[in-house]
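Inspection log for the structure reproduced underneath, given as structure tokens.
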Amino acid sequence: MIWDTTETLPREEIRRLQLERLKKVVRRVYNKVPFYRKQFEKYSIKPSDIKTLEDIAKLPFTTKDDLRENYPYGLFAVPLDKLVRIHASSGTTGLPTVVGYTKKDLHTWSDLVARIVVQAGVTSRDVVQICFTYGLFTGGFGLHYGLERVGATVVPASSGNTKRQIQLMKDFHTSVLVSTPSYALYIAEVAEEMGVNPRELGLRVGLFGSEPWSEAMREELQKRWGLLATDNYGMSELIGPGVAGECERQNGLHISEDHFLAEIINPKTGEPLPPGSKGELVITTLTKEGLPLLRYRTRDLTSIDESPCLCGRTTARLARISGRTDDMLIIRGVNIFPSQVEEVLSEIKGVGPEYLIVVDRKDYLDQLEIQVELASDYFTGKYRDLEDLEATVKSKLQSVLNVTPRVKLVEYKSLERTAGKAKRVIDRRKERK
Amino acid sequence: MWVKQISIFLENKSGRLASVCRILADNDINIRALSIADTSDFGILRLIVNQPEKAYQVLKEQGFTVSETDVVAVEIPDAPGGLAQVLEILAQKEINIEYLYAFVSKSAGNALVMLKVEDLESAVEVLTQNGIRVPSTGEIYRI
């Protein structure tokens with residue numbers, strides 16, 4: 001099913017709509033947001049300079065730092081009395097970033113989430129358990145309102161207390177799970193420990209998001225739960241969840257292009273890249289009232305595919321997020337993404353799926369250590385087998401990363417499982433400087 | 001004749017060995033023989049206990065990575081040259097030893113070693129032919 005007819009507009013119609021809305025938002029921020037007025041003046045640009053979609057490249061970027069420097073309300077385009085909701089990012093790496101919604105923004109948001117929910121195959125007959133934290137984080141409320149819009153029965157379980165989550169699934173006949181992919185895996189493990197086969201809980205669809213994950217993790221989730229695992233994308237600065245999501249074909253994430261204008265740029269130079277190239281995703285919000293953002297640097301690495309999808313939607317699709325420009329590690333001058341490590345580990349029988357990357361510096365040299373769990377079924381009791389396994393992991397990682405890591409096998413379930421975003425990297429180099 | 005050996009994968013972290021022993025103690029399982037092989041990162045603890053099935057079960061339930069392997073117990077004279085004699089018999093038949101370790105207690109005047117080789121059957125055959133006693137499974141668990 002398709003929620004909104006705009007999802008099937010001809011490409012030229014979408015582009016026409018985007019240009020019309022782009023011109024409008026540029027004029028609006030120029031008139032309403034002093035920060036943008038100053039930026040336009042600094043780069044000698046006028047709203048009237050935007051005549052085609054390609055002219056967007058003339059506009060300066062907006063970054064997370066800009067949001068922080070204007071904490072809390074500096075970038076809002078409406079007075080406070082027009083706002084009906086505030087959300088904020090966790091702020092683990094500095095000041096939180098604050099976002100505000102008008103009544104219309106909330107309406108738009110619910111509608112956008114309704115699209116991604118419906119395209120994943122969820123209907124009003126589903127019972128949906130939301131295991132995202134409710135609160136300042138946009139995940140819980142975003143999915144909640146979108147699912148209610150669709151008419152699904154929402155169980156706002158929030159995150160944590162995993163045994164209770166499983167009990168709720170059993171008692172309420174939950175058919176759809178909303179969580180981070182790593183938490184979904186953790187719930188499956190806990191269920192198995194309790195003697196409950198996750199497949200017998202009867203979940204049909206998983207709506208997973210809020211952290212990068214791999215194709216291998218999808219297979220694992222589908223196998224363990226017996227559900228269709230779909231990916232969706234969003235971030236609080238842009239609106240929250242609902243920016244893009246997968247349809248049942250699982251072949252890229254359809255972007256709601258009538259509300260978001262997506263570009264791919266070279267993260268180092270800021271140059272726009274040709275269609276199909278991999279680079280950093282930059283998004284301009286086209287319809288937001290409370291906090292419109294021009295060319296927001298998402299720091300997420302992906303590519304865009306404009307070819308038609310078999311599902312009938314004409315909207316362009318994002319490739320799975322392959323990493324973030326800011327979780328890129330530079331080890332002995334080589335760029336390394338945690339997602340690469342995850343891909344390699346997922347192909348090796350006997351280890352995983354959890355892992356931890358520990359980076360340290362000894363004698364002025366970077367050291368890369370990968371901790372990975374020994375799968376309990378693969379333990380033979382033979383020393384030799386463990387050595388062979390370590391050597392295999394090491395050589396496969398080396399050929400992909402171009403850096404020789406130290407591999408440390410750890411006990412099954414000794415690495416941290418979380419209800420939120422999994423922590424995969426510990427960089428001790430900063431402490432040593 | 002085969003004795004069930006329990007192997008446990010242990011990270012080199014303080015308290016891991018202690019907690020294995022505590023779990024066994026709480027389940028009234030007695031350790032007969034043990035050995036630990038280790039690197040800087042991990043170790044393998046090998047145990048002969050009086051109730052191997054139960055030990056395997058309870059350790060698994062407590063989240064330990066456990067496996068079972070067949071080994072044999074060999075009785076050797078508790079005198080200089082006792083072990084050498086046994087090993088020479090195996091060497092002559094080109095039976096390669098993966099590992100061996102000594103038993104905690106002794107049976108009257110003799111020492112016991114736990115032996116792991118690829119082909120347990122031929123090892124037992126050649127040893128018994130050469131007058132080396134291989135105690136029965138029940139005998140080992142009862143010690």
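Computed from a prediction, not measured in an experiment: that's the story for all the values here. Hydrogens, waters and symmetry mates play no part in the numbers below; they use all other heavy atoms, side chains included.
Annotation for Glu118(B): atom CD does not count as buried by contact number, only 12 or fewer foreign heavy atoms lying within 6.0 Å. For Asn30(B), the CG atom sits in a packed shell: over 12 heavy atoms of surrounding residues, nucleotides or ligands are nearer than 6.0 Å. When the shell of 6.0 Å around CG of Asp28(B) is examined, it contains 12 or fewer heavy atoms from other residues, nucleotides or ligands. Around NZ of Lys54(B), the count of heavy atoms belonging to other residues, nucleotides or ligands within 6.0 Å exceeds 12. Around CZ of Arg22(B), the count of heavy atoms belonging to other residues, nucleotides or ligands within 6.0 Å does not exceed 12. Enclosure of atom CD in Gln398(A) by more than 12 non-hydrogen atoms of other residues, nucleotides or ligands within 6.0 angstrom is indicated.
One N or O on the side chain of Ser67(B) and one on the backbone of Gly381(A) form a donor-acceptor pair closer than 3.5 Å.
Here the closest non-hydrogen pair linking Leu409(A) and Glu11(B) is O-CG, 4.3 Å. Between Asp41(B) and Val407(A), the closest heavy-atom pair is OD2-O, 4.0 Å. Scanning both residues, Ile44(B) and Phe379(A), for their nearest heavy atoms gives CG2-CZ, 4.1 Å.
Atom OH of Tyr99(B) is separated from atom CZ of Arg384(A) by 14.5 Å, given to the nearest 0.5 angstrom.
In this structure, chain A has a heavy atom under 4.5 Å from the side chain of Glu98(B), while its backbone stays farther away. When heavy atoms are compared at a cutoff of 4.5 Å, Leu45(B) does not approach chain A at all. Using a 4.5 Å cut-off between heavy atoms, Lys413(A) makes no contact with chain B at all. There is no contact between Glu193(A) and chain B, counting heavy-atom distances below 4.5 Å.
With respect to the salt-bridge test (charged N to carboxylate O, under 4.0 angstrom), the residues Lys13(B) and Glu411(A) do not qualify.
Side-chain contact between Leu386(A) and Phe9(B): present, with at least one pair of heavy atoms (C-beta onward) separated by less than 4.5 Å.
Note on Arg16(B), Arg46(B), Lys60(B): by heavy-atom pairs under 4.5 Å with chain A, the leading option is Arg16(B).
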